[in-house]
There are 2 protein chains.
Amino acid sequence: MNVTGHTSRTASIRDVAAAADVSYQTVSRVINGHPSVKPSTRERVLAAIEELGFRRSATAHALASGRVRSVTVLTANITHHGYASILQGIEEAARAASYTMAIGVLESADETAVRAEVQRAADAGGGLIVIAYDPAGVRALADVPAGIPVVGVVETPARTPGGDRPWVWTDDREAAYEATRHLLSLGHETVHYVAIPSSTRRTAARTAGWRAALREAGAAEPRPVQGTWGPAGGYTAGRKLAADAAVTAILCGNDDLALGVMRALHEAGRPIPGEVSVVGFDDAPHAAYLTPSLTSVRQDFTGLGRAAFGLLHGLVEQSAPVAPHPVSVPELVVRESSGPPPSTA
Amino acid sequence: MNVTGHTSRTASIRDVAAAADVSYQTVSRVINGHPSVKPSTRERVLAAIEELGFRRSATAHALASGRVRSVTVLTANITHHGYASILQGIEEAARAASYTMAIGVLESADETAVRAEVQRAADAGGGLIVIAYDPAGVRALADVPAGIPVVGVVETPARTPGGDRPWVWTDDREAAYEATRHLLSLGHETVHYVAIPSSTRRTAARTAGWRAALREAGAAEPRPVQGTWGPAGGYTAGRKLAADAAVTAILCGNDDLALGVMRALHEAGRPIPGEVSVVGFDDAPHAAYLTPSLTSVRQDFTGLGRAAFGLLHGLVEQSAPVAPHPVSVPELVVRESSGPPPSTA
DNA sequence: GGCATGAATGTGACCGGTCACACAAGCAGG
DNA sequence: CCTGCTTGTGTGACCGGTCACATTCATGCC
């Protein structure tokens, strides 16, 4: 007992039962709002609960009931805008369903490291959501043992290994197609592409959409420039592209890459959009405030996260039948960074 | 049994025991690497484990052992750079100690909402880390029931309610002081400040550091302009400041605010740093790639997160005595956005 | 040979809940 | 008055592990 007269260590339902002079089962009934408890008894029990500062152990509850009510999200990253927004969406939905959200970061794509992390997540007992936008995530999704409820957030459903599981996605191919069309329609002869790292060795969805638009327009198809996730990679790529006077339009795999590209163009003295147009991807919060403001493709990552959780939730509680594969539709937001090519007069 | 001959539902240690013809206790010993198990027995048990696809239930383990090995992080935000980096640091350290990391988002600072979220986190059983950079977080930290191991990531230790608990922090006051000194030493008459939302009603650490530097230099002390967390708030604040021709130096509470301010200055036709210098805070990844690149105060948020977990870890496993209050030292990174004021000749 | 010692293994209770079922009391209908 | 159903409550087993202790057997030492 401490100063206030409460026991300092957690009380169990049997302690409460003793204090209220009922059986532990009755306490359980009160906690769970079971109807057939006499009001006067309920009062006594509630008073005892208050008195002892009882809180039901989530662990014991999970063990006894079999229901775990938790999601573990496996992701390679939590600082980049897209990933973080997905997490936010999942958390929102999870909280609403009073689920707990845990996060496991896949630090490397190394086979044993991924396997270990997947094991840990699987052992936790709840459901899994795997963000498979990168090699580590893809491998993790494939490694999830059978029998564990899992939803993948994938780049391209059909091509992803382990794609037989429920998934959510945004139509990146279509989005890249639109963005490329936008630039071509402004009069650019072709569009260069700075790619984010792909989830698999096969052609990434964004790359595919970009290429399709070029092909359809009969435009030249330059080799995509490989970037990273952050602005540094964009900067490196941008320096190469800036040196090529023929380049007038650049599509970037995300807004951070676009930032790096813009910086490189600026240093090379090539005005945006006067000489070169730049289009980003994801419409991160800062895109609108850059100078020039960045044309980008808006993605509803938060909604994607919510959808992923919804799917998982349906999977776990058999009751709710699951709407199979929600798709969110990206939207092109045109700003200052894209315009017509310089007149070659 | 499924096609492969394995049971599809999880096997318990008693199942394994039966298969290996030993007692469940022996299985437990093998799992936990207890020394006194005959090698041949160990072999049999391991074979049975493999055969049945046994994985130890984290839930049951936690219940029986009393040790939970999990941290729940309560935070108002996960998308902003600082918060996300702290989370990353915590996750890193947690994973290394094979702890699980859960996240609870404090969506509003509303009293009952916060209380509910804190309850959920407390019920989970493990330790807690509360990021108390904002009113929601501060309230949450204060609401954590006694007896639950908790570490606060705070703005200013002494002033934070619930500050009797272990905490970590970075010296924001000192950092703001340095940044302001930098601008003053370039020759600016005074420095204006666009503030992030404060964690309490009392003067925020960054504001205090800025003010101290001004006072020390005998400079005028303009009212700080209240901002938000994102670039939109900076933009609004920036428009006001841009309209005032006397403004030549602006310190911003974070890099997103600085971005918005820079945009507003640009739109108002006031060159940076030619007419106005801008300094940010936190050194987010994009700061270096903006045009002009942004002078900012680098913060080791990841290290801060690791330290927070370290503290909590020591708290939970009594064994390790706890180094009380780690402090990380911010560092000013000077870039293009800050320079001497326009000559007033 | 007798006995303490340690290695290898098993038994029962317990962690804090839930679940299935039993049981007493109250009240209806035939 | 007896049967049958509902309401309110209690009992024992169980979820899947761990812990403390008991047991067996081989070995070392006097």
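In what follows, chains carry the letters A, B, and so on, assigned in the order in which the sequence lines appear, proteins first and then strands, with residues in each chain numbered from 1.
- Using a 4.0 Å cut-off, no side-chain N or O of T59(B) falls inside it from OP1 or OP2 of dG16(D).
- Counting any heavy atom pair closer than 4.0 Å across all strands shown, R56(A) reaches sugar-phosphate atoms only and no base atom.
- As a whole-Å value, the separation of D21(A) CG from dG8(D) P is 18 Å.
- The nucleotide whose nearest atom lies closest to any side-chain atom of N32(B) is, among dT18(C), dT18(D), dC15(C), dT18(D).
- On a pure distance criterion of 3.5 Å, a polar donor-acceptor pair joins the side chain of R14(B) and the base of dG17(D).
- For the pair R29(A) CZ and dG8(D) P, the interatomic distance rounds to 11 Å; values are reported in whole Å.
- Along DNA chain D, the nucleotide nearest L63(A) and the nucleotide nearest Y24(A) are compared for position; the residue whose nucleotide lies closer to the 5' end is Y24(A).
- Remark: the Q25(B) side chain and the dT18(D) base include no donor-acceptor N/O pair separated by less than 3.5 Å.
- Side-chain to base pairing of R55(B) with dG16(D): no donor and acceptor N or O lie closer than 3.5 Å to each other.
- Listed nucleotides dG10(C), dG17(C), dT18(D) differ in distance to A60(A); the shortest reach to its side chain belongs to dG17(C).
- A close approach under 4.0 Å does not occur between any side-chain nitrogen or oxygen of T26(A) and OP1 or OP2 of dG8(D).
- Side-chain N/O atoms of S36(B) include none lying less than 4.0 angstrom from OP1 or OP2 on dA7(C).
- For the pair L52(B) CG and dG16(D) C1', the computed distance is 15 Å after rounding to whole Å.
- Atom NE2 in H34(B) sits about 10 Å away from atom C1' in dT9(C), given to the nearest Å.
- Side-chain nitrogen and oxygen atoms of R42(B) include none within less than 4.0 Å of the OP1 or OP2 phosphate oxygen of dT9(C).
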### Query
Taking it one step at a time, do H34(A) and S36(A) satisfy side-chain hydrogen bond (donor to acceptor under 3.5 Å, both in side chains)?
CA-CA 6 Å; H34(A) 188 99; S36(A) 68; 3.2 Å; yes
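- Relative orientation of the F309(B) and H313(B) rings is parallel, given thresholds of 30° and 60° on the angle between their planes.
- Under the salt bridge (charged side-chain N to carboxylate O under 4.0 Å, His left out) criterion, R69(B) pairs with E317(B), not counting sequence neighbours.
- At whole-Å resolution of the value, CD1 in I13(A) and P in dT18(C) are 6 Å apart.
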### Message
Walk me through whether Y24(B) and D15(B) qualify under side-chain hydrogen bond (donor to acceptor under 3.5 Å, both in side chains).
### Response
CA-CA 8 Å; Y24(B) 52 82; D15(B) 300 330; over 6 Å; no
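- More than 12 heavy atoms of other shown residues, nucleotides or ligands fall within 6.0 angstrom of atom CG in D110(A).
- The shortest distance between the side-chain N/O atoms of S23(B) and the OP1/OP2 oxygens of dT9(C) is not below 4.0 Å.
- With DNA chain C read from its 5' end, the first of the two nearest nucleotides for P35(B) and H61(A) is the one closest to P35(B).
- Listed pair S65(B) / dC15(C) fails the phosphate criterion, with no side-chain N or O lying under 4.0 Å from OP1 or OP2.
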### Query
Does the side-chain hydrogen bond (donor to acceptor under 3.5 Å, both in side chains) test come out yes or no for D300(A) and T302(A), once each step is laid out?
CA-CA 6 Å; D300(A) 181 15; T302(A) 311; 4.7 Å; no
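- Rounded to whole Å, atom C1' of dG10(C) lies 14 Å from atom NZ of K38(B).
- Using a 4.0 Å cut-off, some side-chain N or O of S28(B) falls inside it from OP1 or OP2 of dT18(D).
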